[in-house]
Structures are given as structure tokens and as C-alpha cells.
Peer 1: 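Right, I'll just put the structure down here and ask away after.
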Amino acid sequence: MAPSSETATVRVLCQKLLLSGNQPGTLQWLIGSPFFPPFTVVSTFRCIHHSLDFQLESDDLRKLLPKGFEVIGGLIVGDSDAEKSAVEAVRAARRLRKHLSEGGELDDEKIVGASCDVGTGTIHFFISKTEKATKLEPVASVVYEDKSGKYLWENGCLLHCELPIKLPFYFPASSPSDSKEKFSEAVDAVVTQFKEPCAVYIAETLKKASGDVPKPVVLRGKDLGFGADASNINRLPAADQVSDIKMLSCSHFCLNSKTAAAVNSAENADKIHISVLLNRSEKSPTSGAPVAEYFPAMGEARLIVVDLNLDVLTYAPKDLPLMHAVSDLVIPALVDQLYSLKKIILPYLLMEHPQLRIYHFNPPGVLHPITTIYELNYGETEMKQVDVRKSLHLRLGLPLDRPLLRTANALDLSVNDDSRSNVKKRGSFLLKDVHIGIPSSEVSEGVASLIQGSYEYYHYLQDGFDDSGWGCAYRSLQTIISWFRLQHYTSIAVPSHREIQQTLVEIGDKDPSFIGSREWIGAIELSFVLDKLLGVSCKIMNFRSGSELPEKCREIAMHFENQGTPIMIGGGVLAYTLLGVDYDEGSGDCAFLILDPHYTGSEDHKKIVNGGWCGWKKAVDSKGKSFFLQNKFYNLLLPQRPNMV
């Protein structure tokens with residue numbers, strides 16, 4: 001039972017309640033879960049359809065939001081009259097909830113209405129008790145949780161179900177207009193089959209842990225109950241041995257222990273895979289040969305086969321009975337997705353069908369996964385698909401210069417592996433993210449600004465290629481390009497020294513004799529290669545002396561905050577890769593996180609860190625020495641993120 005508004009507490013789990021780029025009048029949907037305490041805000045989605053087109057909004061959210069989460073309110077960026085704005089947000093949220101439930105009855109659930117003062121940024125929360133209520137009740141307290149991801153994934157798990165369907169249907173050749181009706185009837189027949197007594201659902205773990213793996217569990221349609229109120233389903237304690245399948249909870253398939261780092265994201269969450277089977281022979285008391293039935297058509301008919309590849313992801317508490325997770329989450333998700341695909345395909349039914357593919361993402365700042373349906377007939381760089389991703393970025397408040405929702409960033413729902421494992425390339429292993437876990441910079445009051453994302457460490461003598469004494473800038477460039485690859489800005493392979501030289505010859509910067517030489521390159525050449533191969537523009541900073549670098553530490557820190565790309569430092573014939581700065585604005589003390597490509601040893605992380613090949617270099621250390629020489633000219637190459645989604 002929901003608490004009264006006088007004692008109600010709104011709990012905010014999401015890191016950022018207000019999405020970036022909000023204008024006065026902007027409406028956001030507050031997302032919660034029927035499995036969480038009332039008025040718990042897990043995430044927030046921006047309303048992106050003008051004039052509040054609730055049909056389009058509900059269609060979008062039905063596809064995007066996994067079952068196990070729901071709209072629990074609205075927030076409006078409004079004026080100083082907080083309650084008036086909150087009333088608007090509540091009305092909109094209730095209308096959206098009706099469209100999502102496809103019911104016209106009154107919505108008597110208590111929901112949250114919120115208003116953000118556009119001038120001060122203050123957010124006021126209210127509770128709407130019922131749809132008929134004319135006044136809102138102010139909220140007693142608001143709690144912003146710190147370890148929200150941990151709360152979500154220690155207590156919950158994901159259920160994943162893939163179901164490829166080949167759906168044949170006939171229609172009269174003389175009446176093509178009947179095709180849509182026949183296709184709809186075929187889809188409805190599939191929906192009916194999901195709830196048939198002979199339907200079988202097999203649950204098994206997706207975790208291949210070294211310990212005992214639970215055996216698959218078979219659930220039959222005749223044993224499932226449908227339409228239960230998720231918030232009122234009795235939870236089950238975890239148990240090692242359960243004889244009654246109705247008493248089996250989702251925790252049966254979840255790991256009992258995990259490392260602290262492995263519980264805070266959807267990617268590392270416990271996952272249960274659900275397979276769907278239809279047992280057609282169960283009705284027959286005796287076995288026998290297949291029987292063919294003949295239904296003659298009254299006239300010439302045409303056959304169309306539609307490929308529908310369902311792929312749903314749902315969220316459930318670990319103590320939820322498994323049978324309810326299937327009947328009240330997985331099956332409704334399959335039904336919703338089937339109807340969503342039908343709606344997309346209908347206009348093209350008698351033409352070439354769109355190539356629809358479902359992907360699941362867990363973008364930064366969003367605690368739970370989201371689901372997208374992409375049309376990939378022309379590839380994901382086609383403008384229609386780019387516009388789809390831009391729309392999703394706008395709805396989720398994601399930056400427009402990060403390819404966060406490209407297919408390469410989709411969740412991998414296969415057996416979990418260590419995402420930070422080393423990468424094998426050209427016969428050798430490359431270390432990733434070697435700066436993680438290194439000693440601190442010793443800048444006492446400093447604020448560290450670091451590279452955003454992963455990279456591979458390229459250095460001398462890798463791949464059996466001897467570039468000692470001349471290839472450091474090439475290696476730094478390879479590290480930079482690996483960063484763009486791992487952030488999915490490009491799919492090109494990291495170029496070899498020769499390929500880098502060929503690129504410079506092709507653009508006319510070098511003579512053909514440059515190919516195969518041992519000549520140095522610098523910041524200008526690196527910028528040419530990045531522009532040619534990746535379409536990446538660069539900013540170059542020049543310094544007459546190493547003593548000038550600390551003076552620009554604040555500007556360099558802003559680069560890491562806003563762009564987050566690795567920087568190449570060139571000084572004479574030496575080049576390094578800069579991964580971050582630690583800057584004390586008060587004292588001016590600073591340190592630079594240097595990745596040194598001059599290392600010639602094996603891919604041994606401990607040896608690299610202990611040898612100082614990756615670590616903090618003070619602008620001026622305790623002995624008065626500086627990493628950057630006073631009498632040397634330096635330049636910095638700062639690659640800029642492309643504006644792409």
C-alpha cells in the first residue's frame with residue numbers, strides 16, 4: 001500500500017533528474033518500477049512529440065522501456081508557480097499511462113508531479129492521489145541515492161527472450177487490400193498461442209560460472225497465471241531446493257556472490273534466458289504420423305511470409321516467482337513488440353519488407369537498459385537511421401557527439417566475459433586502459449580530469465616491428481585511433497606505420513620515397529592522418545618552452561572534460577600520449593598522466609606501471625625537476641570528437 005503524501009518520500013535513483021538542453025515548458029516522464037517502493041524515480045525520458053501526441057509517445061515508450069519499469073509521473077520545467085506546473089505534469093502523465101495500458105478507465109494510482117523553476121533550478125515534488133483529485137499534496141522529503149546502480153542490480157535481474165517467427169499468410173490475389181487484415185489476423189493468432197496451455201517456456205541461466213549451473217526449468221502455459229498486479233505479487237525467499245515450481249523465484253538462476261564492480265550495470269547483471277516452444281503433440285493421446293489437411297482456396301491466392309525476429313528484455317526482482325516473471329513480464333513484452341513490428345511493416349506489406357533488428361542498450365546516465373527497433377536496409381549511416389538515433393539521444397538527454405546508440409554499443413547478452421580483457425591483434429596482445437590502478441599524482445588539492453573511454457597501449461617493438469628511436473609518434477597515433485575504434489566512431493583497423501605513411505603520400509603531404517622510411521612525424525602529420533582516415537579534426541597548441549605547459553593546464557583539463565580524447569605531446573624527436581591532468585587551481589600545482597610509447601618490453605601491466613611507462617609526471621617535482629624541458633619546443637595535438645550519433 002502506498003504511503004500517504006504527508007509521509008511520502010520521493011527517492012531519486014538516477015544521477016541526473018533534469019536532462020540537458022531543457023527549455024521552459026519541457027516535459028519529462030518520470031520512470032519507476034512497480035517492484036520498487038512508491039515514488040522511486042529510476043530514470044527520466046523527455047517528451048519529444050509536439051502538441052503532446054500521446055499516441056506517438058506511448059508507441060515510442062512501449063518499444064523503448066523494458067517491462068518491469070513504468071511511467072510514475074511527470075516533471076515540467078516551468079515558472080515560479082510550482083504547483084500549477086506540477087498539475088500539468090500530472091495530467092499529461094495520467095493520459096500517457098492510459099495510452100500505455102490501452103484502457104479508458106480511471107487511473108487511481110498515486111503518481112508524482114514535479115516542477116523545476118526555470119530561474120533557480122529548484123525542483124518541487126507533489127503527489128496526485130487519484131485522477132479525480134483537484135489538489136496536489138506536497139512531498140515531505142526527497143532523497144537522492146548515491147549507489148543507485150547497486151540497488152537496482154543487487155536486487156534485480158534481466159530476463160531475455162529471443163523468438164524468430166516466420167509468419168505465412170494468404171490473401172485473395174484479386175483483392176490486395178485484404179492483405180493487411182489477413183496479416184493482422186495471423187499476428188493475433190500468434191499472440192493467442194503465447195497463452196495456450198500447450199505453450200512451453202524454458203528458463204536457463206546465461207551465466208557460465210565455474211561453480212554449479214542451475215538446470216533449466218520448464219514452465220507450461222497451463223500452469224501460468226496472467227494479468228496479476230505486479231506490485232501485489234507475493235515475493236519468495238531464496239531456496240536451494242524447491243519441489244513446487246510455483247515456489248521457484250528468479251534468484252534460482254542468479255549468482256550468490258559477485259565482485260563489487262560487477263553489480264552496478266545491466267551489462268553485468270544476472271540474466272535469465274527464456275526460450276519459447278509450442279508443444280503441438282500434447283493434445284494427442286497417442287503418437288502417430290504427421291497429418292496433412294487440405295483447405296482448397298475459393299480463388300487464386302497469394303502467399304506472403306513475414307520474418308519477425310522478436311528480442312525482448314525485461315527487469316524483475318530476484319525474489320519474484322519465475323512463473324510470474326514469464327507470464328506478467330516476458331509474454332506481455334513479446335506481445336507488445338510483435339504489435340510494434342506489425343505497425344512498422346504494415347505500410348510495406350506488399351513491397352520489400354524493412355529489415356528490422358532489435359537492439360538493447362545501456363547508455364551512460366541511464367540505470368536500466370532500453371530497447372530499440374532499427375531499420376537497417378541501408379546501413380546505420382543512412383540519414384533516416386541517423387535521425388532515429390538523434391531522436392533517441394534527445395529523449396534520453398544524451399550528447400549529440402557520442403555514438404552511444406550505434407549497433408556496436410549494443411548490450412552483449414551472451415555469456416559474460418571481462419570487458420576489459422586484453423585485445424589480440426596481429427599475433428600479439430595489446431593492453432587496454434593501463435592507467436587504471438596506478439598510484440596517485442601527489443597533487444594534494446588537485447582535481448583530476450581524465451580520458452573518457454577505453455584505448456589500447458601501442459609502443460615500440462610491438463608486432464615484431466622495430467621502430468625504436470623513430471616510431472613514437474606513430475605509436476601515439478595508433479593509441480589515439482584505437483580510442484576512436486573502441487568508442488565506435490570508426491570500424492577501420494588501426495593502421496600500421498606503412499599505412500600511415502601511405503596516407504600521408506596519398507594526400508600529397510609526403511613524397512613516395514617516404515613509404516617504408518624511418519622518418520619521424522609530428523602533430524601536423526597526425527592531424528592529416530586523423531582527418532583523412534576518420535574525419536576527425538584536431539586542435540594544435542604550440543609552446544616555446546616546457547615551462548609554459550602548466551600555464552595551460554586548466555585549458556587541457558577542459559579538453560578532457562568536454563572531449564575526453566587522448567592527446568599527443570610532441571617535443572623535438574620525442575612523442576608521448578597524454579591521458580589526463582591533475583590540477584590544483586589554488587596553488588597552480590599540476591601533474592600530467594603520461595603514456596610512454598618508448599617502452600620496449602612485454603605486455604606486462606605491473607612492469608609498465610612500476611617502470612614509470614604509464615604514470616603521473618609532476619610539472620615540478622619535489623627536487624625542482626620538470627618532466628618537460630625548459631629549452632624545448634612542444635606541441636599538443638588535441639583530437640576533437642566528431643558530431644555524430
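Side-chain atoms are counted along with the backbone in the values below, which use heavy atoms only and exclude waters and symmetry mates.
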Peer 1: When you measure from the side chain of Ser33 to the backbone of Gly68, do you find a donor-acceptor pair of N or O atoms at a distance under 3.5 Å?
Peer 2: yes

Peer 1: Can you tell me if Arg220 uses its side chain to pair, donor with acceptor, with the backbone of Val200 under 3.5 Å?
Peer 2: no

Peer 1: Considering non-hydrogen atoms only, spot the tightest contact between Leu350 and Pro176 and give its length.
Peer 2: CD1-CB, 3.7 Å

Peer 1: Quick check: closest heavy atoms across Gln28 and Leu17, and the distance to 0.1 Å?
Peer 2: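 Distance-wise, the nearest heavy atoms are NE2-O, 2.9 Å.
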
Peer 1: Would Leu163 and Phe194 count as a side chain to side chain contact (heavy atoms under 4.5 Å, CB included) here? Give the steps.
Peer 2: CA-CA 11 Å; Leu163 181 61; Phe194 288 148; 3.6 Å; yes

Peer 1: For Ser454, does its backbone N or O pair with a side-chain atom of Gln487 as donor and acceptor, under 3.5 Å?
Peer 2: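 Flag set: sc Gln487 to bb Ser454 pair under 3.5 Å.
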
Peer 1: Mind checking whether Leu341 and Leu310 have side chains closer than 4.5 Å, heavy atoms only?
Peer 2: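 Yes, their side chains come closer than 4.5 Å.
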
Peer 1: For the OG atom of Ser58 and the NE2 atom of His49, what is their distance to the nearest 0.5 Å?
Peer 2: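 Separation between the atoms: 9.0 Å.
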
Peer 1: Do Val494 and Arg485 come within less than 4.5 Å of each other through their side chains, counting heavy atoms only?
Peer 2: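 Yes. Closest side-chain heavy atoms under 4.5 Å.
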
Peer 1: Give the minimum heavy-atom separation between Phe54 and Ala92, together with the two atoms involved.
Peer 2: CE2-O, 3.2 Å

Peer 1: Do any N or O atoms from the side chain of Lys16 and from the backbone of Cys14 form a donor-acceptor pair under 3.5 angstrom?
Peer 2: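 No.
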
Peer 1: In the structure I gave you, are the side-chain heavy atoms of Phe171 and Glu181 within less than 4.5 Å of one another anywhere?
Peer 2: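 They are not in contact (no side-chain heavy atoms under 4.5 Å apart), so the answer is no.
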
Peer 1: Using only atom types and a distance under 3.5 Å, with no angle test, would you say the side chain of Arg389 pairs donor to acceptor with the backbone of Leu404?
Peer 2: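 Such a contact is absent between Arg389 side chain and Leu404 backbone.
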
Peer 1: Could you give the distance from CD1 (Ile358) to OG1 (Thr371), rounded to the nearest 0.5 Å?
Peer 2: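 Here the rounded value is 8.5 Å.
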
Peer 1: Do Leu152 and Tyr315 have side-chain heavy atoms sitting under 4.5 Å apart?
Peer 2: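 A side-chain contact under 4.5 Å exists here.
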
Peer 1: Determine whether a donor-acceptor pair (N or O, by modelled atom type, separation under 3.5 Å) exists between the side chain of Thr40 and the backbone of Gly32.
Peer 2: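 The answer is no, because no donor-acceptor pair under 3.5 Å joins these two groups.
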
Peer 1: Applying side chain to side chain contact (heavy atoms under 4.5 Å, CB included) to Phe169 and Val306, what does each step give before you reach the verdict?
Peer 2: CA-CA 8 Å; Phe169 67 94; Val306 179; 3.9 Å; yes

Peer 1: Please confirm whether the ring centroid of Tyr151 lies under 6.0 Å from the ring centroid of Phe36.
Peer 2: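 Yes, they do, as the ring centres are separated by less than 6.0 Å.
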
Peer 1: Side chains of Val366 and Phe361: does their closest heavy-atom pair fall under 4.5 Å?
Peer 2: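 No, every pair of side-chain atoms sits at 4.5 Å or beyond.
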
Peer 1: Can you name the nearest heavy-atom pair linking Arg406 to Val645, along with the distance?
Peer 2: NE-O, 3.2 Å

Peer 1: Quick check: are there more than 12 heavy atoms from other residues, nucleotides or ligands sitting under 6.0 Å from CD of Glu352?
Peer 2: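 12 or below, so no.
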
Peer 1: For Met323 versus Gly225, what's the shortest heavy-atom pair and its separation?
Peer 2: CE-N, 4.1 Å

Peer 1: Taking Asn377 for the side chain and Gln355 for the main chain, is one N or O donor matched with an acceptor at less than 3.5 Å?
Peer 2: yes

Peer 1: Drop me the distance from Lys110's NZ to Phe39's CZ, to the nearest 0.5 angstrom.
Peer 2: 5.5 Å

Peer 1: Let me confirm one number: the NZ-CG distance from Lys318 to Asp270, rounded to the nearest 0.5 Å.
Peer 2: 4.5 Å

Peer 1: Exactly one of Asp336, Leu334, Leu159 should register a side chain to side chain contact (heavy atoms under 4.5 Å, CB included) with Lys67. Which one does?
Peer 2: Asp336

Peer 1: Let me confirm one number: the CG-NE2 distance from Asp53 to His99, rounded to the nearest 0.5 Å.
Peer 2: 8.0 Å

Peer 1: Dump the intermediate steps for side chain to side chain contact (heavy atoms under 4.5 Å, CB included) on Leu533 and Phe484, then the final yes or no.
Peer 2: CA-CA 11 Å; Leu533 297 183; Phe484 281 97; over 6 Å; no

Peer 1: Below 4.0 angstrom, N of the basic side chain to O of the carboxylate: do Asp387 and Lys384 qualify?
Peer 2: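 The answer is no: the pair does not qualify as a salt bridge.
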
Peer 1: I want to check something: taking the side chain as every heavy atom from C-beta on, are Ile111 and Ile72 in contact at a cut-off of under 4.5 Å?
Peer 2: no

Peer 1: Is it true that a side-chain atom of Thr130 and a backbone atom of Ala133 form a donor plus acceptor pair closer than 3.5 Å?
Peer 2: yes

Peer 1: With rounding to the nearest 0.5 Å, note down the distance linking CG in Leu349 to OG in Ser184.
Peer 2: 8.5 Å

Peer 1: Would Arg97 and Glu131 satisfy salt bridge (Lys or Arg N to Asp or Glu O under 4.0 Å), going step by step from the backbone distance to the final call?
Peer 2: CA-CA 11 Å; Arg97 283 165 58 89; Glu131 187 172 0; over 6 Å; no

Peer 1: Are more than 12 heavy atoms from other residues, nucleotides or ligands located less than 6.0 Å from atom CD of Glu162?
Peer 2: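 Yes, the 6.0 Å shell around CD holds more than 12 heavy atoms from other groups.
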
Peer 1: Between Asp178 and Tyr170, is there a side-chain donor-acceptor contact under 3.5 Å, judged purely by atom types and distance?
Peer 2: no

Peer 1: Before giving the answer on side chain to side chain contact (heavy atoms under 4.5 Å, CB included), spell out for His252 and Ile272 the whole-Å C-alpha distance, their side-chain angles and the decisive distance to 0.1 Å.
Peer 2: CA-CA 10 Å; His252 177 76; Ile272 304 172; over 6 Å; no

Peer 1: Looking at Asn409 and Pro403, would you say the former's side chain and the latter's main chain have a donor-acceptor pair under 3.5 Å?
Peer 2: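 Looks like yes, one N/O pair under 3.5 Å.
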
Peer 1: May I ask you to test the Ile304-Phe183 pair for a side-chain heavy-atom distance under 4.5 Å?
Peer 2: no

Peer 1: Can you tell me which residue among Asn362, Leu65, Leu396 is in a side chain to side chain contact (heavy atoms under 4.5 Å, CB included) with Ile370?
Peer 2: Leu396

Peer 1: What residue among Arg395, Arg95, Arg62 forms salt bridge (Lys or Arg N to Asp or Glu O under 4.0 Å) with Glu57?
Peer 2: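 Checked Arg395, Arg95, Arg62 against Glu57; only one passes salt bridge (Lys or Arg N to Asp or Glu O under 4.0 Å): Arg395.
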
Peer 1: Taking Tyr374's backbone N and O only, do any of them form a donor-acceptor pair with Thr372's side chain (distance below 3.5 Å, no angle check)?
Peer 2: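 Looks like no, no N/O pair under 3.5 Å.
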
Peer 1: Could you check if a side-chain atom of Tyr201 sits within less than 4.5 angstrom of a side-chain atom of Ser327, using non-hydrogen atoms only?
Peer 2: no

Peer 1: State, to 0.1 Å, how close Cys250 and Ala325 come at their nearest heavy-atom pair, and which atoms those are.
Peer 2: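 Looking at all heavy atoms of both residues, the closest pair is SG-CB, 3.8 Å.
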
Peer 1: Checking Thr407 against Arg357: is there a side-chain donor and acceptor pair closer than 3.5 Å?
Peer 2: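 No.
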
Peer 1: How about Arg91: does its CZ atom have over 12 heavy atoms from other parts shown lying under 6.0 Å from it?
Peer 2: no

